[in-house]
Each structure stands twice: as C-alpha cells, then as structure tokens.
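Below: one structure, written as structure tokens.
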Amino acid sequence: MPNPSLLSTLEKVSASATSAEAAPFDWATVHQTVLKFVNPLASEQPIAPPTSSVLLAAMQRLVTIINTVQASPLVVSKGSPSETPKLETLLPYVSEEAYDVLDALRSDLAVATSSQSPLGSDRAPLSLSSSASHSLITIESLIPSLLWQIARSAYSAMHLIEGIRAKCWLPDQGWVSGMLRLVVMLEVEAPTIRWCFDLATGYPAESLLEATAIVQSDESALPIRHTAVDASDDSPSQVKHQLQTILRHLQARVPGLSTFLQGVPIELLQPGADWQGGNLRLHLGFSFSPQADGDEAIPRQPELIEAELMEETLAQTNALQRATATKPTIASLVATHVPVVQPVGRSLRPTTLVRLTDTEALERYTQQTAQQQLEQALSQLCSQQIIEEEEESQLTLIVQAAIAHCAHQPSASGLERLHPMLLMDELVPKLLWSITSSTYDMMQLVGGIPAHVLQPRAHWQQGTLRLLAALHLKAADVDYQLDLSTGRSIEADVPLDLGTIVQTNTTIGSQPTSIATIINQVEQQLHEMMLAYRLLKNGAAIAWLEDVEQDWQSGTMKLSVSLAFVADAR
C-alpha cells in the first residue's frame, strides 16, 4: 500500500502548485540546473520473474478465483456494483489460493538461495534510466527519464498523460464534458526557490482538480470506471480515489519511483547562484479543460464497435484525423528532438476494422502475454521482499498483486483484441506504446536523436536519426505502409545503406556504428521485450474492413523497423 503520508499529499498538490507559481520561474534556468543526490540513488536489484511452473500455476489459480469472486453477486453486493470489491471482502474467499502462492514462493526462494544464484542475475533491472542513478544530473536529463518510467508502466498511464475525453462534476455547473489529463509534477524546494511544474508541458502546475472532484470517462484509461451518475460526498470516482489507485499501480510496477514520490534530498546548482540544499519530489494531479459550447467535439479513444455502426460522415472522419495528427505521443513528449516527418498519401480511416485470421498464432500470443504478465506480478512480489513480512502481511501483498494483475489482464488491451476485431485507431497507438515502452533508448530513437551520418559515396552530415516503425497492410488491391509515429501512410522508403556509419551523443551509437549493427540490436530488443513484434514481424494473416459498403478483405499485416535520417537544413 502507498505510504499514508504520500496519500495525504494528494490533498495538498493544488496548494503546492499555487505556491510554486509565486516563485520566479524561468524554464531555461530550470532546465540547466544541476542536481546532486545527497544519498546516491540505489539501483534496483535485478529481479527476474520466477519461472517455476508450480508458482505460476498457483498464481494463475489465485487470479482465476479472484475473477470468479469479483463476478459473484454475493460479493459485489457488499460494495458498490461498479467498483472492485475491497481487499478485506476478498480475502476470506481466496486465502487458500494465496497460501499456495506463498508456499511456492518460499520454495523457489529457498532453491535460489541454496544454489547461490540470485533470481534475475541475467536480467536488466526495472529501474529508472541509468542517467537518473548518477550522483549528478541536470533537470533537463531527469525529466524524460521520469516521464518515460510512468508512461511505460501501463498503456492507460500513457493515455492519461496525453489526455482523455471525460466529464467532471462541477458544483456550479453540474456535469461538464471536456479533456482530462494526468499531470505529473516535479517539485523542487530549496531556501531560495520553489518550483512545481508539469513534466509534459514545462509550465508551472495550476488549476488542478480538487481531491473531492468527481471524474468519469467512457474510455478505459481511468482506473475506476464508475458508470453510475454519482455526485455523492464520497464517490469512488473522486479524484483522490483515482490518484490513490494510480499510485498503487505505479509503486507496484515501477518500484524505483517510490523514492521520488516520497521525496529525495538533493543539493542543486542553478546558473548564477551558489550550491544549496533542498528536496525533490514527484506529485500527481488531474487537470480538466471543459469543452466550450460550439467547440468541435473532442475525439475519444474509440472502443470496439460493430461494423454496422462504423459509418461516419466525411467531415467527422477528417476532424478525427486532424485531431489524431496533432495529438502528442509519449515519444514526442519525452524526446528532446522530434524530426519533421512529411507524410504522403492518405491515411486509413481511424474506424477501419482489422481482425487476425491466424487463430493459432493469436492463441500463442495470448497465452504468452498472460504468462508474461503473471511473471511480472510475481517479480514485483519478490522485489517487495514479502518473505520478511508477517504472514498476514505476506498474504495481503500476494492478493494485492493478483488484483493488480486482474486489472491489467490481456483482455483489457493488446493485440489479442484483434479477435474478433480492433479499430485501427486503437491498434496503431498501442503498437507504438509497446515499442517506446520497451527500453529508454528505444523511446529516444522513436522520438529522434541528433546524429552525424556518413553514407557511402557521401560526406558527413548532421541531422536527426529516428526509428521508423511501419505497419504494412497488404491485400489484393491495397498496399499500405503506416508510420506508427504519425499514423499516416508513407511511400516505400529508400532505406539507408547498411554500410552507413552513425555517431550520436547518446548511448545509441556513441562510437561510430554501422546502420546494420543498430538495426540488428533494435530487432533483438524488440523480439525479447515485445510479444506483438514476434507475432507480426514475419507477417500475420488478417481481414480488414474500411467501409461498410465494402466486403471484408483478406490480407497480411507486418510490423517492420528501419532507420530514417533527416539532414539539418542549411
């Protein structure tokens, strides 16, 4: 559970943001300020997901019984019909399965200890970017690392940071529709400064929703989807309950963030000033932008619909495409350099439906995804060192991990929803998120990094190198390539010669490196960390429908990666 003092700060975030506004705030100065962590950040110990079949089977039984109990009218009747039953309500029904998980965990840890081979010795740690673990770092370098860690924790987290269509209960107006956004704030306090700014925009945080405000959305990004129109004093849809749930998920999925959420003692040196001691802390809040009368409808993240309901007017489709093209992706939010991309051709309609027809491959993918998520839940249990806790606390942590897993089961998101079908406007951003969340370097490369390039029979050029992730849809009379970063069609590229040499000031190609080597490394990383890439890299059989007046077309869908280079204008 989150630290009580941490949760209490949710009530104070708006006040903190207001105070920060009164202090002088210059974005250039903030960016260039150097931080020194008084206590160097401890690196997260590499904890690999336990692979014991006994442990995995025990956890799966616990997840299954929790899903069954949650669906039971008897249990649901003890709480709100729209919210997850409380932990104390579930425990009596699942204690036997929780004990089985605990016994299996103890057995696996005993085996690991006796073999003197710590779990996860061959896995990379799930922690902040390595740059954040250094004793000295500029705020400019720290910001994208923090934002990326939160965005990669779940697709819903990334979606909330970008903003979702929602409605909010305002005392003087009732229910108002608009855009709701999760605001991730970095607060820096020292004797002469007080900064509290939005990591995504760089502006001081202001006009945040009160903790008791009520927010609801038809989209699945909010952790609590309370569908009833409830404006009670303690509605489960209140901002404070939404933020508490998000915090629990973040702390479970990204343990390295807990230090920043609780506060980190620092020393800082801003340009033109002396070193001074202070404190750095992450806060979360919600901002809400009402939709004014006469405004064009705010596009929502579309849910799966029947083909008969797919038809829209041309004006609506064009409006949605314009909104999609201008909506920031997480890669553009956290990347320092974003290359100019000139899309050509027309894009597929956001309402185009796609479904996988290779049921055998889809079933393998779904099973692998479910097992991977179970392994991650068990890995998080190990990182919490639950064996050192009292038995009652151990069981509570195990059930909490299983409940969190239930909330992020494969059925909630991912390519398995391509059976029976998925909208293109869901598929494209989810694939892009899967790529950018795989590694920090991958996110940077998708956003674009400054580079020097030497192509055969040419001279060194300076410009921007980026990863071009393309979704290729091919049918009898259609051959589309979509750039996942822009959502627009692209022409067949003339790829960089594999003998081209690249050098950057990042960890990618810090020394002169060939394009062939970088592409090989990218493909290996995606194969290891992105199950959807394994499914689509060689092409998968699909059927797709762009217009209700057409028939379903058979074809293939393939995901490929290449490197694109845009030279700087002279």
Side-chain angles (χ1 to χ4, degrees), residues 152 155 158 324 329-331 341 343 345 347-348 350 352-369 372 410 413-419 421-439 441-448 465-475 478-496 498 515-516 518-544 546 553-564:
R152 79 185 292 259
Y155 179 77
M158 182 273 295
T324 302
T329 64
I330 195 62
V341 179
S347 64
L348 286 176
T352 298
L353 290 171
V354 180
R355 58 183 174 88
L356 281 172
T357 55
D358 188 344
T359 55
E360 182 178 342
L362 182 60
E363 180 62 25
R364 287 198 305 270
Y365 169 81
T366 302
Q367 292 175 353
Q368 290 171 347
T369 302
Q372 184 184 68
S413 64
L415 293 189
E416 59 279 355
R417 287 192 58 193
L418 276 174
H419 181 71
M421 64 190 74
L422 190 67
L423 289 166
M424 281 297 299
D425 212 34
E426 279 188 306
L427 174 62
V428 170
K430 285 182 177 178
L431 285 175
L432 181 62
W433 174 79
S434 296
I435 294 172
T436 57
S437 64
S438 58
T439 68
D441 286 344
M442 199 76 72
M443 179 278 301
Q444 287 185 305
L445 197 53
V446 169
L465 184 75
R466 77 172 184 115
L467 184 70
L468 176 59
L471 189 64
H472 190 182
L473 284 85
K474 190 171 184 179
V478 174
D479 193 349
Y480 278 141
Q481 282 197 88
L482 272 72
D483 183 343
L484 295 184
S485 296
T486 64
R488 298 299 301 271
S489 300
I490 55 176
E491 292 179 340
D493 290 321
V494 178
L496 289 173
L498 294 180
I515 289 291
I518 296 178
I519 287 291
N520 183 56
Q521 292 173 347
V522 166
E523 291 178 338
Q524 286 182 353
Q525 288 185 9
L526 290 178
H527 185 271
E528 293 175 2
M529 305 192 68
M530 184 180 170
L531 294 177
Y533 180 72
R534 300 183 199 175
L535 177 68
L536 299 177
K537 68 175 183 177
N538 295 320
I542 64 166
W544 65 288
E546 186 178 18
Q553 298 188 53
S554 298
T556 58
M557 182 166 65
K558 181 179 180 180
L559 179 61
S560 64
V561 291
S562 60
L563 289 175

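Atoms considered below: every heavy atom in the structure, side chains included; atoms not considered: hydrogens, waters and symmetry mates. Numbering of residues begins at 1 and proceeds along the displayed sequence.
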Check: Arg466 side chain, Gly448 main-chain N or O, donor-acceptor pair, under 3.5 Å: no
Check: Ala541 main-chain N/O paired with Thr357 side-chain donor or acceptor under 3.5 Å: yes
Does the side chain of [X] reach to within under 4.5 Å of the side chain of [Y], using non-hydrogen atoms?
{"X": "Leu471", "Y": "Lys558", "value": "no"}
{"X": "Leu422", "Y": "Leu356", "value": "no"}
{"X": "Leu353", "Y": "Trp544", "value": "no"}
{"X": "Val522", "Y": "Gln525", "value": "no"}
{"X": "Val561", "Y": "Leu468", "value": "no"}
{"X": "Leu526", "Y": "Lys537", "value": "no"}
{"X": "Leu467", "Y": "Ile435", "value": "yes"}
{"X": "Leu445", "Y": "Leu563", "value": "yes"}

At their closest point, which heavy atom of [X] faces which heavy atom of [Y], and how far apart are they?
{"X": "Met529", "Y": "Arg152", "value": "CE-NH2, 4.5 Å"}
{"X": "Met530", "Y": "Leu431", "value": "CE-O, 3.8 Å"}
{"X": "Thr436", "Y": "Met443", "value": "O-CB, 3.4 Å"}
{"X": "His527", "Y": "Tyr533", "value": "N-CD2, 3.7 Å"}
{"X": "Ile519", "Y": "Ser562", "value": "CD1-CA, 3.7 Å"}
{"X": "Trp433", "Y": "Tyr155", "value": "CZ2-N, 3.2 Å"}

Over 12 non-hydrogen atoms of neighbours within 6.0 angstrom of CD in Gln524: yes
Any chance you could measure [X], atom [atom1], to [Y], atom [atom2], to the nearest 0.5 Å?
{"X": "Lys430", "Y": "Met158", "atom1": "NZ", "atom2": "CE", "answer": "9.5 Å"}
{"X": "Asp441", "Y": "Gln521", "atom1": "CG", "atom2": "CD", "answer": "9.5 Å"}
{"X": "Glu523", "Y": "Ile518", "atom1": "CD", "atom2": "CD1", "answer": "12.5 Å"}
{"X": "Asp358", "Y": "Thr556", "atom1": "CG", "atom2": "OG1", "answer": "11.5 Å"}

side-chain contact (heavy atoms from CB on, under 4.5 Å) between Leu482 and Met424, intermediate numbers included: CA-CA 11 Å; Leu482 272 72; Met424 281 297 299; 3.6 Å; yes
Working for side-chain contact (heavy atoms from CB on, under 4.5 Å), residues Met557 and Leu427: CA-CA 12 Å; Met557 182 166 65; Leu427 174 62; 3.8 Å; yes
